[in-house]
Structure formats: C-alpha cells, structure tokens
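Everything below concerns the one structure shown next.
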Amino acid sequence: MIHYLNQPVLVHLSGYPMPLKGNLIDIGSDVIVLHNGTKYMYVPLIHLQFLTRCPSNETDFDMSAEPEPDPIAELSYRKVLSNARGKFLELFLSGHQPAHGYITSIMNDFFLFHSPLYKDLYISMNHLKVLMPYDPGMTPYALKRENFPVMPATSSLARTFEQQLRKMEGQFVVLDLGDSPRKNGVLKSVRDGLIEMVTADGSNAFLHIDHVKSLHRP
C-alpha cells in the first residue's frame, strides 16, 4: 500500500456498508490513517476487504489544507488507542451506529469507553472499525466538562474481554449497542466462548463471544 501514500483511496471494510474515502496519510503495522479533509480516520487493518485508488470523480474531499496529525512512533493499532486516551472520539463498531466519548482504560483485547449516552462501554478490540478524534476543546453533545467528568472505572477490570463478561454474570446488559432484541437481557453465563442471555420473554439465546462487539449496562 505504500504506493498509495498521500493519494486519495477508497477503503472497503467488513461490517461497514459504505466505503471510506480519504487521503492515505500513514500506514502502520496493523492500522492505516486516512484524512477526508475534515477528520482523521484510524482504521484497523483486520477489517480491510480491499483498498484501491479513489476514482477522480469521487475525490470530493478537500486535501489542500491537511493538518499534521499527532505523531505516533512505530504506528500500530494499540498505540493509536493509547494516544487517543482522554480525547473526545467518535467510534464505529458497525457502519450505522457511532459511539461518542473517551477511552479510559485499555486491556489485553478490549478497552473501556466512557460515553454520556452509554456510560461505561466495554469494546472488543477485534470489532472497532473506525476511530475518529474530534478537534481539541470539543465535548460530547456540547456538554460542559463539569457536567460530564471523565471518570476512571469504579471497579477493577479483567485482563480479557471474556473474563470481563464473566464478571457481569447475573446482571442486565446490552450487547452491540442493542442492535437486536436478543442481545438485551440478563447475562446468564459465559462458558467456553459462548454467552447465554435470558431475554425479556424468558427464553435463552446463545452467542459466540467472537461476534460480540460491545457490552454496557443499562
């Protein structure tokens, strides 16, 4: 992909319906950085279906005044997350439902994201599609900082996503931002990679943890 550096590209991602368009400004070991004239887009390569040069009639983004991003030595996905901690971000776990807030903790394979809408959101690193920092000084929903303090986790975090879910057995949870009624309910158990949920009608539903993008408590 080095031949496309500083060129307009189209990026198609799994689980993200619309292609991303922007100038390819950096390539890391497992992440790329695009700029669309307005925002930086950090894209983990695990979801890359294909990347190609953007057709000239689709380069409707302004690249003339592209600012320099914060430098990240030896660019990688984990270093992007670390560098973004404490900054106001927009995240996409799928192509239609963003989350807005701040990364507060980074563990082995998930991170804790504090949002005014979802509060503590536990996000699997395997499912983050796009991370976009906002301009410094902006806050979610124009809230004053005193009305939305970024608080550290009130309880200790597990090292892995599966261990964290086990700590929440018996509690009401919402998986994947509630994109399906079967993903809202009581987290009954987590065993051998399978999650057992009890839904509102009392029936049991099973999901494999590899397909769970996020979890929060209502």
Side-chain angles (χ1 to χ4, degrees), residues 11 13-20 22 31-34 36 38-47 77-145 147-155 157-158 160-162 164-165 168 171-185 187 195 197 207 209-218:
V11 177
L13 303 175
S14 59
Y16 199 90
M18 298 294 292
L20 300 176
V31 67
I32 58 174
V33 187
L34 307 178
N36 65 1
T38 304
K39 292 182 177 180
Y40 293 105
M41 297 178 284
Y42 295 85
V43 182
L45 288 176
I46 189 174
H47 303 296
Y77 179 17
R78 184 169 286 274
K79 286 188 177 181
V80 166
L81 292 178
S82 296
N83 193 60
R85 186 160 30 192
K87 298 178 181 179
F88 178 30
L89 308 170
E90 182 177 25
L91 304 181
F92 283 89
L93 306 179
S94 61
H96 63 280
Q97 196 169 9
H100 302 88
Y102 301 83
I103 294 173
T104 58
S105 300
I106 303 170
M107 310 311 288
N108 287 3
D109 63 353
F110 77 98
F111 59 92
L112 182 60
F113 189 73
H114 192 58
S115 161
L117 187 60
Y118 302 109
K119 305 307 178 186
D120 286 339
L121 183 62
Y122 303 84
I123 298 177
S124 167
M125 287 185 189
N126 292 329
H127 290 286
L128 175 64
K129 302 298 190 301
V130 187
L131 179 154
M132 294 186 288
Y134 279 94
D135 291 335
M138 291 185 66
T139 57
Y141 308 97
L143 293 172
K144 295 182 179 179
R145 291 192 180 275
N147 295 332
F148 180 57
V150 181
M151 303 296 291
T154 55
S155 59
L157 297 174
T160 69
F161 192 50
E162 182 167 351
Q164 185 64 43
L165 266 61
M168 297 179 175
Q171 300 183 36
F172 282 102
V173 299
V174 177
L175 305 180
D176 298 346
L177 305 182
D179 65 0
S180 165
R182 292 290 182 185
K183 296 181 181 180
N184 307 328
L187 178 57
I195 298 170
M197 296 282 292
L207 307 88
I209 194 170
D210 287 349
H211 299 293
V212 175
K213 304 176 187 69
S214 67
L215 173 146
H216 70 278
R217 287 174 288 189

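Source: prediction; values computed, not measured.
- Residue T160 holds its OG1 atom at 5.5 Å from CG of D109, rounded to the nearest 0.5 Å.
- With hydrogens and angles ignored, the 3.5 Å screen pairs a side-chain donor or acceptor of R78 with a backbone N or O of N108.
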Legend entry - Audit row: I106, R85, side-chain contact (heavy atoms from CB on, under 4.5 Å) steps and yes/no: CA-CA 9 Å; I106 303 170; R85 186 160 30 192; 4.3 Å; yes
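- In this structure, the salt bridge (charged side-chain N to carboxylate O under 4.0 Å, His left out) partners of D179, at least two apart in sequence or on a different chain, are K183.
- The side chain to side chain contact (heavy atoms under 4.5 Å, CB included) test applied to P98 returns E90, F92, H100, not counting sequence neighbours.
- For Y134, the ring pair (Phe, Tyr, Trp, His ring centres under 6.0 Å) test picks out F88, with sequence neighbours left out.
- No side-chain heavy atom of S214 sits under 4.5 Å from any side-chain heavy atom of Y122.
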Legend entry - From CA spacing to verdict: side-chain contact (heavy atoms from CB on, under 4.5 Å), L128, L81: CA-CA 11 Å; L128 175 64; L81 292 178; 4.1 Å; yes
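- The shortest side-chain heavy-atom distance between L187 and M197 falls under the 4.5 Å cut-off.
- D135 has its side chain within reach of M138: a pair of non-hydrogen atoms, C-beta onward, lies under 4.5 Å apart.
- In this structure a side-chain-to-backbone donor-acceptor pair under 3.5 Å is missing from K213 to H127.
- The heavy-atom pair separating F172 from P218 by the smallest distance is O-CD, 3.4 Å.
- Not one N or O on the side chain of N36 forms a donor-acceptor pair closer than 3.5 Å with the backbone of G22.
- Classified by interplanar angle (parallel below 30°, tilted 30° to 60°, perpendicular above 60°), the ring pair F113/F111 is perpendicular.
- Nearest heavy atom pair, residue P140 against residue P116, reads CB-CG, 3.7 Å.
- The CG atom of L112 sits 5.5 Å away from atom CG of L157, with the distance rounded to the nearest 0.5 Å.
- When all heavy atoms of S124 and V212 are compared, the closest pair comes out as CB-O, 3.8 Å.
- For H47, the ring pair (Phe, Tyr, Trp, His ring centres under 6.0 Å) test picks out no residue, with sequence neighbours left out.
- Side-chain contact between F110 and Q164 is present, with heavy atoms from C-beta onward closer than 4.5 Å.
- Not less than 6.0 angstrom separates the ring centroid of H114 from the ring centroid of Y102.
- In this structure, CG on L91 lies 12.5 Å from CD on Q97, to the nearest 0.5 angstrom.
- With sequence neighbours left out, the side chain to side chain donor-acceptor pair (under 3.5 Å) criterion links E162 to R166.
- To the nearest 0.5 Å, the span separating CZ on R217 from CD on Q171 amounts to 5.0 Å.
- Contact check for D176 versus L215: no side-chain heavy atoms found under the 4.5 Å cut-off.
- Y77 OH to S82 OG: the interatomic distance, rounded to the nearest 0.5 Å, is 11.0 Å.
- In this structure, the separation between CG on L177 and OH on Y118 is 4.5 Å, given to the nearest 0.5 Å.
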Inset, instruction - Take V43 and L131, measure what side-chain contact (heavy atoms from CB on, under 4.5 Å) needs, and give me the verdict at the end. - result: CA-CA 7 Å; V43 182; L131 179 154; over 6 Å; no
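- Taking the side chain as every heavy atom from C-beta outward, L34 and L20 approach each other to under 4.5 Å.
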Inset, instruction - May I have the step-by-step check of side-chain contact (heavy atoms from CB on, under 4.5 Å) for Y42 and I32, ending in yes or no? - result: CA-CA 6 Å; Y42 295 85; I32 58 174; over 6 Å; no
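- Between V33 and M41, every side-chain heavy-atom pair lies at or beyond the 4.5 Å cut-off.
- Legend: residues meeting side chain to side chain contact (heavy atoms under 4.5 Å, CB included) with I46, ordered by chain and number and at least two apart, are P44, N126.
- In this structure, the side chains of H211 and I209 stay at 4.5 Å or more apart for every pair of heavy atoms.
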